[in-house]
Amino acid sequence: MAAMDVRSGLHPQTTAPWWREAVFYQIYPRSFADSDGDGVGDLRGIFSRLDYLAGTERSLGVDAIWLSPFFKSPMVDGGYDVADHCAVDPVFGTLDDFDALVAEAHRRGLRVIVDLVVNHTSDQHPWFLESRSSRASAKRSWYVWRPGRDGGPPNNWCSEFGGPAWTYDPATDEWYLHSFAPQQPDLNWDEPAVEAAMHEVMRFWLRRGVDGFRVDVVHKIGKDPLLRDNLGTFVGPSHHRPGHRFDEDWPSVHPRLRRMRRVVKEFGERMMVGEVYLLDQAAMAMYVRWDDELDLAHNFHFMNLPWSADLIRTAVCELDRLLEPRGWPTWCLNNHDHPRVASRYPGEAAARLSAVLLLTLRGTPFLYQGEELGLRDGAIPEEQRVDVAGRDPARCPLPWEPPSVAGPGAGFTAGNPWLPIAPDAETRAVSRQLDDPQSVLSLYRALLALRRREPALRVGSMAVFDGTGPVLAYRRGVPTASLLVLLNFDGQPATVRAADVGRLAIRGTIEVSTTMDDLGRGVEAPEVELGPFEGLVLREA
Ligand code: NOJ
């Protein structure tokens, strides 16, 4: 055993806020379940599939859902272009449908958080229409308007979707800023009225009973007020993505988050998880402040790592050191913006190994719909592509039933799905996997069940071992239980010796294995050999 990195977890008797112990499941409403046959998923569709998520013996067993935007929108960016933050887009249903969904989810003990899109609105939002109407408009200052420079945009900032982050508006002869599509003008957070309006949006949903927010690109609500040019690929302090020195992560973001936190606190135990898309864990960790800023932040450094036990080990240990003492990690490998794990890593083997990883690391896991089925990215014919940034493949509708049983809509819709159903629907459909004890879905259910009954996994300490080569090895523990997790990231067998994990012998019972074989089998040996991409969770004797 070489170096070991230990952090003592909360004692199980300590009251942990619910979001620390919860497993979140992201629903992309457009692709989850369609109740009315128009080919697009909707809120009633989600309602009708709640059994799948929580509340029955056969449910997946997650604790909270995060709903991606279902607000009124022209859908230029899949609903992240919001035209009314407090209205449900008719394609997804009504506010009554939303209320019914929250009530039913809560009845099952399932919390609900919603996306909060704070950095920008749709160009069809009444605020922007008014802002754009004249330079003298009362809402002119709600967005970022500037005169051009040398006949071009005011500075060199770029849109995340490519091209300049500025669009010229001939009617008022000024340019407006948009960090994403031109149809998504950035709000001006230096204008206090914008902040106050966004607080009201938060209160609107908190009053309706949501348990918190996933705050979209939250690192972008602080920008250099002088709008200075970005510095090419310069990398330096307070600059955490090449080319973004001045257009995000400005210090003003922190007091803004603090004030958002105060709004959330008016409503008791609600939470905020931020999409802090900084590729540097140190910068991201600054956003996670107990009872002060964000409770959790998605970790995009982790999400973008190559398939490597070493790199994952380093990231996990590094984040542990970077978070404030009461800070809490968040682990996520899939969402609606990224190629799926089974496509970007070695296939189903990666889907299985990453399931064990996400659900046994110390921190709060976020799963993305379909991950629990081991879905791959879809191949989208050119004429069916919808997304402005090529992210359709990860957004294909869920297969609930094999097409041979339920027809081409695969139980997702009775109509024509808006994007092709996810690949391998015949073999990976929910109904196929539910009764197959070795399916990826069964592995997820076993891991979630283990996590529910095992405080060591939810709140226990974690010791990560060095010197185990392609095997990521760590131990989770509370005074009454110890679980050893061994994950072989290699396509070749690998051996872990007892000494590598601080023991004289590896001794215990297999709780979960990636193959779903050998559950309950006892192990007592000086070393354990793992198959290619095999993972084990061992309850130590
Ligand atoms: C992040 C969201 O996850 C992504 O889908 C969206 O395009 C951008 N934010 C802009 O809102």
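Atoms within a ligand are numbered from 1 in the order they appear, just like the ligands themselves. What you see is a predicted model; the values in this text were computed from it and never measured.
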Peer 1: Measure centre to centre between the rings of Trp307 and Tyr345, then say whether the value is under 6.0 Å.
Peer 2: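 Yes, ring centres under 6.0 Å apart.
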Peer 1: Only one of Trp205, Phe204, Phe71, Trp127 passes ring pair (Phe, Tyr, Trp, His ring centres under 6.0 Å) with His85; say which it is.
Peer 2: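 Among the candidates, only Trp127 passes.
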Peer 1: Measuring from atom 9 (N) of ligand 1, which candidate in Asp216, Asp387, Val218, Asp81 has the nearest non-hydrogen atom?
Peer 2: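 Comparing heavy atoms across Asp216, Asp387, Val218, Asp81, the nearest one to atom 9 (N) of ligand 1 lies in Asp216.
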Peer 1: What do we get for Arg395 next to ligand 1 when only non-hydrogen atoms under 4.0 Å count, side chain, backbone, both or neither?
Peer 2: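 Just the side chain.
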Peer 1: Out of Asp337, Asn335, Asp77, whose heavy atom is nearest to atom 7 (O) of ligand 1?
Peer 2: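 That would be Asp77.
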Peer 1: Specify side chain, backbone, both or neither for Glu160, according to which of its non-hydrogen atoms lie closer than 4.0 Å to ligand 1.
Peer 2: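 Answer for Glu160: neither.
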Peer 1: For Trp18 and Phe24, I'd like to know if the aromatic rings sit close, meaning centre-to-centre distance below 6.0 Å.
Peer 2: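 Close enough - the centres of the two rings lie under 6.0 Å apart.
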Peer 1: Of all the atoms in ligand 1, which lie at a distance below 4.0 Å from a heavy atom belonging to Phe180?
Peer 2: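 Close to Phe180: 8 (C), 10 (C).
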Peer 1: Looking at Trp166, I'd like to know if the NZ or CZ of Arg146 sits under 6.0 Å from its six-membered ring centre while staying within 45 degrees of the ring's axis.
Peer 2: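 Checked: cation-pi criterion not met.
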Peer 1: Is Arg214 near ligand 1, meaning one of its heavy atoms is under 4.0 Å from it?
Peer 2: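 For ligand 1, residue contact (heavy atoms, under 4.0 Å) with Arg214 is present.
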Peer 1: So, do Arg256 and Met198 sit near enough that their side-chain heavy atoms are less than 4.5 Å apart?
Peer 2: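 No, too far: nothing below the 4.5 Å cut-off.
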Peer 1: Is there a heavy atom of Phe161 sitting under 4.0 angstrom from any atom of ligand 1?
Peer 2: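 Phe161: in contact with ligand 1 (<4.0 Å).
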